[in-house]
There are 2 protein chains.
Amino acid sequence: MLQDEPFKSNTRRAVHDLRELIFSGELEAGSDHLESELAERLSMSRTPVREATLMLEAQGLLEVRPRKGVRILALSADDMDEIYEVLTELESLAAALAADAQYCKKDLNTLAKSIDDMEVAVTNEDRVAWAKADGDFHHELVRLSKNSRIMAIVSNFNDQVRRARMTTLHIRPLPKKSNEEHRALFEAIVSGDAKAARDIHWNHRTSARKMLTELLNGHGLKRI
Amino acid sequence: MLQDEPFKSNTRRAVHDLRELIFSGELEAGSDHLESELAERLSMSRTPVREATLMLEAQGLLEVRPRKGVRILALSADDMDEIYEVLTELESLAAALAADAQYCKKDLNTLAKSIDDMEVAVTNEDRVAWAKADGDFHHELVRLSKNSRIMAIVSNFNDQVRRARMTTLHIRPLPKKSNEEHRALFEAIVSGDAKAARDIHWNHRTSARKMLTELLNGHGLKRI
DNA sequence: GAATTAATTAATGTATACATTAATGAGAAA
DNA sequence: TTTCTCATTAATGTATACATTAATTAATTC
């Protein structure tokens, strides 16, 4: 599956590989790792690994703790709450901006497609496919805002909660009614109703957030 | 003025010093600088300078352009617009959260103090003092939200627009009526009216934003 | 003379040796 | 035993030499 991509530099590869290791859980949340360990693991010297860890620290995926190694991000329920608070707000803004932008239906094809994909996935009870389509939907929504800063922040926070989402994906209820909200949002964007778009998405996100926190608390997942 | 702080490492010092050089304008917006130049300037080897530039790139203050040196951030009017769009949204959220948090008047002393300071500064037509107090006000407002992610993003974006603010500070009209809005926001927070707090601050920020963009465009400041 | 290619150069990228320092543990004094 | 000091150690922090490579210039061919 993995074809060895040509990386511009070892630092770039280190960033990429460490992200993969973190997302896959091979580097467990909360675990500590020495620079030299990671360097050996990635078959390179400490220099590019150090540079990579500093970048990943800035992205909030790990914490560099001098003499104790880097610690992989472990989110508490409060952290999740903070992140979802920001995500909710910025995505709702994105929805409003998308509505204001007066897109024609053709420009919204990608968005429509992912709604359909979610529909199919829910029918098939295929959670992985649903997660993919849902991710695409949110990504496209934010892209339509045309604000690169919103895109960057949202993408960054999505990285931070990626593992948590993976975990909850299989214990959460199937999102059967959620697509009604997606379609309502779509209509609001088509018709240029920014206020409605914002509110619909805000409510959508807020209820998802509530569900998630309760789920995590219910399962006693303190740090993830 | 500058007492040499004890830095944990040269990398830390490089981050600090480069930030100062950028904020002060000694490293001009849009200018390019080789790692070796900067290293000599800061009296250290390339290694900590490289690490510092990677961190500052992640903070959006410069761009590492292999073989062309690092380029200091230069904001276009569109960039300013994007940033202020996010700042407006997140600060308004912070205002709503602060109102929800049910602070007693004593907890809001710092906020009240900076409003008074702004009042005095405007009376004295002391723009620098006003900017300081205004900065304090916004910082405290965000702190009251108790959401560390909002704090981090807002502080980051404030860094990015710092030079632009300095520039406009002396060509903008004195903010005479702006403190009425601050006091109204304060009251909304005291009385726990989240909706009002959010709206007041949103309008406050939105009009400031409009003023700023017009000012920049009017003075033909394309990149700053 | 224009275009292509090869040599040079100047910068970054990387490994490594070494310096520094926080943490650990051993040993001495109370 | 407890505490303090000091040596040890194990990690990061830093400088530097060298590898690599994009960009530039010179050279060659058409």
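Values below: every heavy atom of this structure, side chains too, minus hydrogens, waters and symmetry copies. Chain naming here is simple, since letters A, B, ... match the order of the sequence lines and numbering starts at 1 in each.
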**OP:** Please tell me which of R50(A) and R67(B) maps to the more 5' nucleotide of DNA chain D, matching each residue to the nucleotide holding its nearest heavy atom.
**Re:** R50(A)
Original post:
So, for G30(B) and A74(B), which heavy atoms are closest and what is the spacing to 0.1 Å?
Top reply: N-CB, 3.7 Å
Original post:
Per the side-chain contact (heavy atoms from CB on, under 4.5 Å) rule, which among I171(A), T167(A), T168(A) passes with H219(A)?
Top reply: I171(A)
Original post:
Given that T11(A) and K68(A) both sit by DNA chain C, which one's nearest nucleotide is further toward the 5' end?
Top reply: T11(A)
Subject >> With sequence neighbours excluded, residues passing side chain to side chain donor-acceptor pair (under 3.5 Å) with K113(A) >> reply: D117(A)
Original post:
Hey, would you say the H201(A) and H182(A) ring centroids sit under 6.0 Å apart?
Top reply: no
Original post:
If you pin T47(A) and G69(B) to their nearest nucleotides in DNA chain C, which one's is more 5'?
Top reply: G69(B)
Subject >> 5' to 3' contact window, DNA chain D with chain A (heavy-atom distance under 4.0 Å) >> reply: dA11(D) to dT14(D)
Original post:
Between K68(A) and D32(A), what is the shortest heavy-atom contact and its length?
Top reply: O-CB, 3.7 Å
